[in-house]
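Because the structure is predicted, anything quoted here is derived from the model rather than measured. Protein chains get the first letters and strands the later ones, always in sequence-line order, with residue 1 at the start of each.
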There are 2 protein chains.
Amino acid sequence: MKDISLHMDEYLPLRDVVFNTLREAILTGDLEPGERLMEIKLADKLGVSRTPIREAIRKLELEGLVNMTPRKGAVVAEISKEDLQNVLEVRRVLEQLAVELACKRMCPEDEEALETNLEVFKKAIETNNPTDIAKLDVEFHDIIYMATKNARLIQILFNIREQMYRYRLEYIKDQDTRYTVVKDHAKIIAALKDKKVEEAKKIIISHIEQQEKTIKKNMGFN
Amino acid sequence: MKDISLHMDEYLPLRDVVFNTLREAILTGDLEPGERLMEIKLADKLGVSRTPIREAIRKLELEGLVNMTPRKGAVVAEISKEDLQNVLEVRRVLEQLAVELACKRMCPEDEEALETNLEVFKKAIETNNPTDIAKLDVEFHDIIYMATKNARLIQILFNIREQMYRYRLEYIKDQDTRYTVVKDHAKIIAALKDKKVEEAKKIIISHIEQQEKTIKKNMGFN
DNA sequence: CTGTTGTCTCCTGTATACAATATTCATAAA
DNA sequence: TTTATGAATATTGTATACAGGAGACAACAG
C-alpha cells in the first residue's frame, strides 16, 4: 500500500484553531494584559459558537496565558518583572539540562541541522529581516531541545518559550545583541560537538543572561 | 467588620469537580492506562452533561494524563519506563533549583513548618499509616516548593509530582525506605537552615535517586 | 449626601440538540 | 477463507437553549 494519506492531519478541530488564534493574539499583544476574554464576543468575532471558545480558553489557562475566576471569566495574564524573573530562573536550569542531554544524545543529523541553521541565521542578519531572525533563533533552540530525546523536557521548554515570547519580540528588535547571539550559537555548537558539557552549559547561561538584560532594558524593568 | 466569610471558595464549577475526580481515578489506577475516556459514558456515570466532561478532559490533556486524537477521543496516558526516566531527569534539576531558591528565600515560618512536618512524619511511621505517610511526604516537599516563592517553578513541580503519583503509590508501600526518607528529610532541613546550598542539593539528588530505584524495583522496570 | 436594596442586564455554567466522522459488523465477492 | 464494501451504530464536534450568579445603576431610606 502506497502512501495515499494526503495530509490526514490537515483537519484541525475548531477549538485548536481558536486556541492558536487567541494564543497568537496574546503573544503579539493584540490582546492586552488584563483584557477580558468574553465568550460571546470572541465567538461572534471568530464566527464560531461558544463551545470551541470555552475549550480553547481552558487550554490557555493551563498554559498560563490567561487567568480564570469562576463565574467571572478569563482575563489575559499580566506580564510582570517578577514573573519574568520566575520564568527565567526555571528556564536557566532547564536549558542547561537540555544542552547536557543534547551533548549525550545528539545524532549527526542534529549536528547538521544546527550548522545549517547558523549559516542561514548569519544571512538573515545581513538582510536584516527581524521575523526571520526571530524564527531562526527559535529553531536553533528547538533543534537542541529535540536532541535531548526527552519529550517531557521538550514540552516544558516549549511552554516556557511561549511565555518568553511576550518579551522576546522586544528583545529581538535590539540591534546590538544580534552578533552576540550568532557568536553564542557558534560556541554552543562547537561545545556540543566536542562533548564539552560544562562549556556548553556556561555559554547557554550567559546566552540567557544576555537575553534577560536586553529584555529588561527594553521593557524598562529595572 | 468581623470575618463572617464562611467558605466563599466552597463552590467549585462542575468541570473542576469532574477534573479532580478523573485525575484521582487515573492516578490511583482506577482508570487504567490505555483505557478510553468516552464522554457520554462518563457523563452518565457522574450524573452531569458532556460539557463539563469535555472541559475536564482538555485540562487532563494539558496535564499529560490523557492523550487525545481529534475525532477519536481521549485515552488514559500510558506509563512507561522511558517516560519515568524523562520525568525524573526534569525533576532532578527542578528539585535542585527548588532547594537552592528555598535556601535563599526561606522565612522562619517555612523552617518551622518543615520541622513540624518531620515530627508528625516520624509519628506516622510509628503508627504505620500509609496514607498519612504519603500525605506528609508530599507536604514536606510542598513546603520547600512554597519557600522558593517562584510561582512558575511551583506549578511545574506540582505537575511533575502529579505524574509521579502514578508510580509513587507503589513507592510508598515499600517498608525499607521509610526510615531513609525520614533521615533524608532531617538532613535537608539542617542544610537549609545552615544555608548550605550544595549540601542540600546533594541530599535531594540522592533522595530522588533512592525513590527512582525503589519505583523501578516495584514496577519491574529494569 | 451616603449607603442600602432591588431590579435589570450581561455573562458564565450546564444541558441538550444536531452534524459530521469513525468504527463495527455483517454480507458479498474473489 | 480472506478481503472489500457498505449500512448501522457509536462517538466526537459544534451550536444553541436555558438557568443562575455577578455587576451596574437607579430609587429610596437614613
Side-chain angles (χ1 to χ4, degrees), chain A residues 1-23 25-26 31-32 34-63 65-77, chain B residues 1-2 4-23 25-26 31-63 65-77:
Chain A
M1 173 84 74
K2 277 291 169 66
D3 181 8
I4 329 180
S5 67
L6 28 117
H7 307 295
M8 290 310 282
D9 56 296
E10 211 168 34
Y11 172 87
L12 261 189
L14 276 185
R15 62 165 174 274
D16 291 326
V17 176
V18 174
F19 175 69
N20 290 330
T21 307
L22 292 182
R23 180 176 58 181
I26 293 173
L31 285 169
E32 287 173 22
E35 194 169 342
R36 276 188 78 180
L37 294 179
M38 278 175 302
E39 298 171 1
I40 296 177
K41 213 175 273 181
L42 291 171
D44 287 350
K45 186 175 267 181
L46 300 179
V48 301
S49 81
R50 277 176 59 210
T51 310
I53 302 279
R54 288 175 65 80
E55 296 183 354
I57 289 178
R58 300 291 163 270
K59 287 177 134 191
L60 291 169
E61 184 193 7
L62 267 283
E63 294 260 314
L65 291 176
V66 310
N67 298 321
M68 297 226 20
T69 327
R71 289 177 194 275
K72 290 188 64 179
V75 299
V76 178
Chain B
M1 175 80 76
K2 277 290 168 65
I4 329 181
S5 68
L6 27 117
H7 307 298
M8 290 309 283
D9 55 298
E10 212 167 33
Y11 172 87
L12 259 190
L14 275 187
R15 62 166 174 275
D16 291 327
V17 176
V18 173
F19 175 70
N20 290 329
T21 307
L22 292 181
R23 180 175 58 181
I26 293 173
L31 286 168
E32 288 172 20
E35 192 169 343
R36 277 187 76 180
L37 292 180
M38 278 174 302
E39 298 170 1
I40 297 177
K41 215 174 273 180
L42 290 172
D44 287 349
K45 187 175 266 180
L46 299 180
V48 300
S49 82
R50 277 175 61 211
T51 310
I53 302 278
R54 288 175 65 82
E55 296 184 353
I57 289 178
R58 299 291 162 271
K59 286 178 137 191
L60 291 169
E61 184 192 7
L62 267 284
E63 294 259 313
L65 291 175
V66 310
N67 298 321
M68 295 226 24
T69 326
R71 293 185 190 271
K72 292 188 64 180
V75 299
V76 178

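- Of the candidate nucleotides dT14(C), dA22(C), dC18(C), dC18(C) has the atom nearest to the side chain of R50(B).
- Following rounding to the nearest Å, M68(A) (CE) and dT12(C) (C1') show an atom-to-atom distance of 8 Å.
- E55(B) places no side-chain N or O within donor-acceptor distance of the main-chain N or O of P52(B), the cut-off being under 3.5 Å.
- Residues L14(A) and I53(A) fail the side-chain proximity criterion, which asks for heavy atoms closer than 4.5 Å.
- A heavy-atom distance below 4.5 Å is found between the side chains of D16(A) and K59(A).
- For R15(B), there are no side chain to side chain donor-acceptor pair (under 3.5 Å) partners at least two apart in sequence or on another chain.
- Proximity of E35(A) to V75(A): side-chain heavy atoms (C-beta onward) are nowhere separated by under 4.5 Å.
- A nucleotide of DNA chain D counts as in contact with chain B when one of its atoms lies under 4.0 Å from a heavy atom; the first and last such, 5' to 3', are dT11(D) to dT14(D).
- OP1 or OP2 of dT23(C) has at least one side-chain nitrogen or oxygen of K72(B) nearer than 4.0 Å.
- At a threshold of 4.0 angstrom between heavy atoms, the contacts of R54(B) include nucleobase atoms, whether or not backbone atoms are also involved.
- Legend: side chain to side chain donor-acceptor pair (under 3.5 Å) pairs involving residues 38-49 of chain B, not counting sequence neighbours, sorted by first then second residue: E39(B)-R50(B), E39(B)-R54(B).
- In terms of the side-chain contact (heavy atoms from CB on, under 4.5 Å) criterion, residue partners of L37(A) (sequence neighbours excluded) are, by chain and number, L31(A), L42(A), I57(A), V66(A), A74(A), V76(A).
- Residue P70(B) is the one, among R71(A) and P70(B), whose nearest nucleotide of DNA chain D lies closer to the 5' end (criterion: closest heavy atom).
- Using a 4.0 Å cutoff on non-hydrogen atoms, no part of residues 31-45 of chain B comes near DNA chain C.
- Taking atom CD on E55(B) and atom P on dG13(C), their separation rounds to 8 Å, with Å as the unit.
- Applying the side chain to side chain donor-acceptor pair (under 3.5 Å) definition to pairs two or more places apart or across chains, those involving residues 65-76 of chain B are Y11(A)-R71(B).
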